[in-house]
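Here's the structure, in structure tokens; my notes come after.
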Amino acid sequence: MPEVERPLVVVANRLPVSRGPDGWQASSGGLVTALRPVIEEAGGAWIGWDDDPDGVPSRVDGLDCELHAVELTVPQVRGYYHGFANRTLWPLFHDLVVQPVIDRQWWQTYEAVNRRFAERVERVLQAAPATALVWIHDYHLMLLPELVRQRSGGSPIGFFLHIPFPPPELFARLPWRDQLLNGLLGADAIGFHTAQYRDNFIRSVQRLFSGVTAIGDTLVLPDGRQVRAVAHPISIDADEFSELANTDDTERELAELCDQFAGRKVFLGVDRLDYTKGIRHRLQSLELLLERNPQLRRETAFVQIAVPSRDDVQEYRQLRTSVETEVGRINGRFTEPGHDVPVHYLYRGVSRTALAAYYRLADVMCVTPLKDGMNLVAKEFVTVQAASKGTGVLLLSEFCGTAMEFNDDAVRTNPFDVEGQSYLMESVLGLDEVERRARLRRMAEVVRAADVYRWVHDELAGIERGSLGL
Ligand code: GDG
């Protein structure tokens, strides 16, 4: 556990709670799990946007943390969230996989909402029992570090970006590039998943601001203040996933799936339905694979879990239509009379137990994003497979953060090369079992050695050090 004695104030777009059939509960993600011990030790608060019509409670069972909901109007949500965050920043920061929309009204709303968050942070800090550490998350709140600095009374401020930071040539296309950099530079430490994203950020600062010096991972601003830009890869709770791999419930779900897919090799995809995840390219590769190999039409199954995401945004609705058209075409072309369809498409999330069972079932896990900050699905898969002595292969895009950590133990793919990817899908089926296990073991060791607890520790310690100018 990190040696943090200060109260912690986390600021993120969303609060870490959701309303289920039995009332409000803490979210099950790795970030919340990893922060729980820190918050319980030193006290803490979480500030985030509340979109529940009846409001969010100030505490929920199982999470010893004050919840502070920021209410936003419908036009604010439209401009700040659906607009600037998800249609301008998201595509720009994912290497223009689709074209970002530049809209001045959205930008003004983004600024206004960041100010609203800053006012709330100020109020929470004033009520805190001691100088708190403020930890701000993600691209929705890039102006917040500087706004908080102006009002914080000396609190250490950290920012973590969960998505890639683009190369300076792409970032420079944004009309408000200087304002965003200035906002981020209000932090004492800025965290990125990889050294490459951090270097992109440092190069952008140097390209756009004169008088900033970079010494290693420290930026010295013209007024002498120092800001650290660090690479801290996010991860998962490896113990939790290792346990989940072998519970009775997981075994039960797995037994059902094994019956359903008996005698077939299973390819698996698990993603939010997002155009960055490479789902269409993956399906096109599958189509080529089945076109070339008629026997595989009966001998393989492709399961795609597509978790609904951002369906208020036009590009996401279009993506859903094209993915579903693709699935229909493949099944229409290749389903043989008396046999199951080749593609099983689930447009929904599944329970964590079912997810673990699918990870165990998969012979080939396809994590093939066109661009992805890290990708936790890949880390979860290798952890579950290694814990259950599986022999699954990870087909991993070279354009995600996880690829930097797994090196050649994952089978690397370039998802833009649809045909090349289809040959890889074919060849991985022939990989030797001993070799597969050894690869899984090594990848699972990488995940265990740098799990989400380590990430929280490194981040918080880095923010403390940054605030002391060390
Ligand atoms: C962003 C960045 C970065 C998925 N399907 C189900 C389900 N999931 C869970 C997975 C995993 C999480 O959702 C997805 O995390 P990813 O990292 O893969 O992707 P993003 O949602 O795009 O996350 C990404 C991440 O932030 C963290 O910084 O790695 O690059 O884009 O944990 O398990 N969970 C359940 N059912 C599902 O069907 N229960």
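The basis for the numbers below is simple: all heavy atoms, side chains too, and nothing from hydrogens, waters or symmetry mates. In listed order, ligands and their atoms are each counted from 1.
- Qualifying side chain to side chain contact (heavy atoms under 4.5 Å, CB included) partners for Asn114, counting only residues two or more places apart in sequence or in other chains: Tyr80, Tyr110, Leu141, Leu143, Leu144, Leu147.
- In this view, Val364 and Phe267, Cys366, Leu395, Val428, Leu429 satisfy the side chain to side chain contact (heavy atoms under 4.5 Å, CB included) rule, not counting sequence neighbours.
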I'd like to know whether Arg454 forms a salt bridge (charged side-chain N to carboxylate O under 4.0 Å, His left out) with Asp458, so could you lay out the CA-CA distance, the side-chain angles of the two residues, the decisive distance to 0.1 Å, and finally the verdict.
CA-CA 6 Å; Arg454 160 87 179 274; Asp458 290 351; 3.0 Å; yes
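- A salt bridge links Asp188 with Arg149: at least one charged nitrogen is closer than 4.0 Å to a carboxylate oxygen.
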Under a 3.5 Å threshold, I'd like every N/O contact between ligand 1 and protein atoms, with atom names and distance.
residue  : atom   : partner : partner atom : Å
ligand 1 : 17 (O) : Leu376  : N            : 2.8
ligand 1 : 18 (O) : Leu376  : N            : 3.3
ligand 1 : 19 (O) : Lys277  : NZ           : 3.2
ligand 1 : 21 (O) : Arg272  : NE           : 3.1
ligand 1 : 22 (O) : Arg272  : NH2          : 2.9
ligand 1 : 22 (O) : Lys277  : NZ           : 2.9
ligand 1 : 28 (O) : His162  : ND1          : 2.7
ligand 1 : 28 (O) : His193  : NE2          : 3.4
ligand 1 : 29 (O) : Asn375  : N            : 3.0
ligand 1 : 30 (O) : Asp372  : OD1          : 2.6
ligand 1 : 30 (O) : Gly373  : N            : 3.1
ligand 1 : 30 (O) : Met374  : N            : 2.8
ligand 1 : 31 (O) : Asp372  : OD1          : 3.4
ligand 1 : 32 (O) : Glu380  : OE2          : 2.6
ligand 1 : 33 (O) : Glu380  : OE1          : 2.6
ligand 1 : 33 (O) : Glu380  : OE2          : 3.0
ligand 1 : 36 (N) : Val350  : O            : 2.5
ligand 1 : 38 (O) : Val350  : N            : 2.8
ligand 1 : 39 (N) : Val350  : O            : 3.2

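- Sorted by first and then second residue, the ring-ring contact (aromatic ring centres under 6.0 Å, His included) pairs involving residues 371-391 (not counting sequence neighbours) form an empty list.
- Taking a cutoff of 4.0 Å between a charged side-chain nitrogen and a carboxylate oxygen, Asp103 and Arg87 do not qualify as a salt bridge.
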